[in-house]
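Note that the numbering runs from 1 along the sequence shown for the chain.
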Amino acid sequence: YLNAGVLLMDLKKLREQEITKRWLSMMNKQHYPAHDQDIIFLTCAGKFKVVDPIYNCSLSTSLNIPNEGVRIMHYAGDKRLNWVYSLPKAELWLEAEERYEKKYGVPDELKPQLINKIIVYGWFGGGPKPSTVLKCIDSWKRVSPTWEIIELNETNCDVHKIKFVSDAYKDKKYAFVADYFRLEAMYDLGCVSLDADVKLIKPLDRFLHHRMFSGQEVDGEVLITATMGCERQHPLVGKMMEFYNHEKYYKGYNVPNTRWISKMFRGLIQKNVKGTLILSDGVYLYPSYYFCSYNHKQRELIPDVRSYAAHLFNGSWK
């Protein structure tokens, strides 16, 4: 079977035999799992030779070639395929890809979109929203006018679905109720989940090609759950929901979900690319300035042109 990562072609013969016309015809008639190399293999079987793996080196071609022996490194995949990052100099490849995306203005609509343009947030208890929350929701509408915004509340969530949520609801600790149903919405809808006190600064469209993304509250230590997004039925979100089936709520419960989720995620880290933590199952945790540019002590935003969102830490879970 042919691998199309590196090809040396006799263009004269291709034209003489009109093979390129056959390729286009086949592409228009049928979908192939790997259309380029499938079609080339079907039309050129018996007419090609395979080059040494040092000229097309990836995990799929050879595991035993030392770095110094590699002539062409084949990063066979995109940023969602975590095994790519175990290849030599993968960090340089990632930096170059992002640099050229910016240089040539690759539009988000040309990138694969795994997460839907939906924002969910929780507001339980029926109380009036403070001005801070209203301003945050207004920022979502202003920055992402084409996105759907869904409020999770008693009308569309069964607050007695599981014991932890039911007990928290009876105790009027609505932040813990919202934590669970935001995860459930992410799992069912494949969307972005925001705390009600998150101010959106720039659109989140550039993160929609990930299977799952979030950020770090304290770089290298604590995950931020105020801004999260995932594809439908992401297995890690399923595990996070499962936590609540075994967790016991008690009077005075004040364990933020960042504590146990950070512990869960820490064992899944595979790579640190300039502060971005890459986990198994296609999870990306961006540095704190992406979604958490906030000074806890001074209780004020930290201006950063690189920020996409800011968590204002109203601390209603307390």
Side-chain angles (χ1 to χ4, degrees), residues 79-80 82 85 94 113-122 136 140 143-144 147 152 175 178-244 255-294 296 304 306-313 317:
K79 287 179 282 189
R80 293 168 292 147
N82 287 310
Y85 293 98
L94 175 62
Q113 181 179 315
L114 301 179
I115 303 173
N116 295 309
K117 293 184 178 182
I118 301 173
I119 293 173
V120 298
Y121 73 102
C136 285
W140 309 345
V143 173
S144 300
W147 283 48
L152 305 173
D179 285 345
Y180 175 81
F181 286 112
R182 284 171 55 201
L183 289 174
E184 183 180 69
M186 288 169 58
Y187 188 81
D188 291 341
L189 301 177
C191 62
V192 171
S193 164
L194 298 179
D195 271 8
D197 60 347
V198 167
K199 177 183 178 181
L200 207 54
I201 300 171
K202 291 188 289 192
L204 300 176
D205 297 57
R206 65 156 291 192
F207 304 103
L208 300 183
H209 67 284
H210 289 314
R211 293 187 61 199
M212 181 176 178
F213 77 92
S214 186
Q216 301 165 67
E217 182 178 323
V218 179
D219 288 329
E221 297 181 26
V222 181
L223 164 80
I224 181 172
T225 57
T227 300
M228 303 180 77
C230 75
E231 65 180 0
R232 288 185 66 250
Q233 299 183 346
H234 192 284
L236 193 53
V237 176
K239 290 180 182 178
M240 291 159 70
M241 292 169 60
E242 184 67 21
F243 169 87
Y244 289 100
V255 181
N257 59 3
T258 52
R259 186 178 301 174
W260 60 266
I261 293 176
S262 296
K263 184 178 180 180
M264 176 189 292
F265 279 27
R266 201 166 290 129
L268 303 175
I269 298 173
Q270 295 184 336
K271 199 87 170 178
N272 184 330
V273 181
K274 289 200 169 182
T276 296
L277 302 179
I278 303 168
L279 284 62
S280 57
D281 290 318
V283 181
Y284 283 68
L285 303 181
Y286 285 90
S288 59
Y289 62 80
Y290 272 73
F291 310 120
C292 198
S293 55
Y294 191 78
H296 292 264
D304 195 315
R306 302 170 296 179
S307 297
Y308 287 81
H311 186 202
L312 303 184
F313 290 98
W317 59 272

The ring pair (Phe, Tyr, Trp, His ring centres under 6.0 Å) partners of Tyr286 (sequence neighbours excluded) come to Phe207, His210, Tyr290

Nearest heavy atoms of [X] and [Y], plus distance in Å:
X: Trp260; Y: Met240; answer: CH2-O, 3.5 Å
X: Gly122; Y: Ala196; answer: O-CB, 4.4 Å
X: Ser307; Y: Lys202; answer: O-CE, 2.9 Å

Going by side-chain hydrogen bond (donor to acceptor under 3.5 Å, both in side chains), name the residues that satisfy it together with [X], two or more places apart in sequence or in a different chain.
X: Tyr121; result: Glu151
X: Tyr244; result: none
X: Glu231; result: Arg211
X: Thr225; result: Asn257

**Prompt:** Near Lys263 NZ, under 6.0 Å, is it more than 12 heavy atoms from other residues, nucleotides or ligands?
**Reply:** no

Please evaluate residues Trp147 and Leu204 with respect to the criterion side-chain contact (heavy atoms from CB on, under 4.5 Å), reporting the C-alpha separation (whole Å), side-chain torsions for both, the decisive distance (0.1 Å), and the verdict.
CA-CA 10 Å; Trp147 283 48; Leu204 300 176; 4.2 Å; yes

- Item | Donor on one side chain, acceptor on other, Asp281 and His234, under 3.5 Å | no

Enter the distance from [X]:[atom1] to [Y]:[atom2] here, rounded to the nearest 0.5 Å.
X: Leu277; Y: Ile269; atom1: CG; atom2: CD1; answer: 4.5 Å
X: Thr258; Y: Phe265; atom1: OG1; atom2: CZ; answer: 11.5 Å
X: Tyr308; Y: Ile201; atom1: OH; atom2: CD1; answer: 11.0 Å

For [X], give me all partners under side chain to side chain contact (heavy atoms under 4.5 Å, CB included), at least two apart in sequence or on another chain.
X: Ile115; answer: Val192, Leu208, Phe213
X: Tyr187; answer: Gln233, Val237, Met241
X: Ala309; answer: Val198, Leu200, Thr227, Phe291
X: Ile118; answer: Asn116, Val120, Glu148, Ile150, Cys191

Within a strict 4.5 Å, meaning less than it, do heavy atoms of the Ile278 and Val273 side chains meet? yes

Quiz item: Are side-chain heavy atoms of Met212 and Met228 found at a separation under 4.5 Å?
Solution: yes

Salt bridge (Lys or Arg N to Asp or Glu O under 4.0 Å) filter on Arg232, not counting sequence neighbours, yields none

By salt bridge (Lys or Arg N to Asp or Glu O under 4.0 Å), Lys117 pairs with (sequence neighbours left out) Asp205

Which of Leu285, Thr276, Leu223 passes side chain to side chain contact (heavy atoms under 4.5 Å, CB included) with Gln216? It is Leu285

Exactly one of Ser288, Ser262, Ser214 clears side chain to side chain contact (heavy atoms under 4.5 Å, CB included) with Ile224, and that residue is Ser214

Given Leu152 and Arg182, is the side-chain contact (heavy atoms from CB on, under 4.5 Å) satisfied, shown in steps?
CA-CA 8 Å; Leu152 305 173; Arg182 284 171 55 201; 4.0 Å; yes

Exercise. Val283 and Leu236: side-chain contact (heavy atoms from CB on, under 4.5 Å), yes or no, with the steps?
Worked result: CA-CA 9 Å; Val283 181; Leu236 193 53; 3.9 Å; yes

query = Is there a donor-acceptor contact under 3.5 Å from the side chain of Asp219 to the main chain of Pro287?
reply = no

side-chain contact (heavy atoms from CB on, under 4.5 Å) for Leu114 and His209? Distances and angles first, verdict last.
CA-CA 5 Å; Leu114 301 179; His209 67 284; 5.7 Å; no

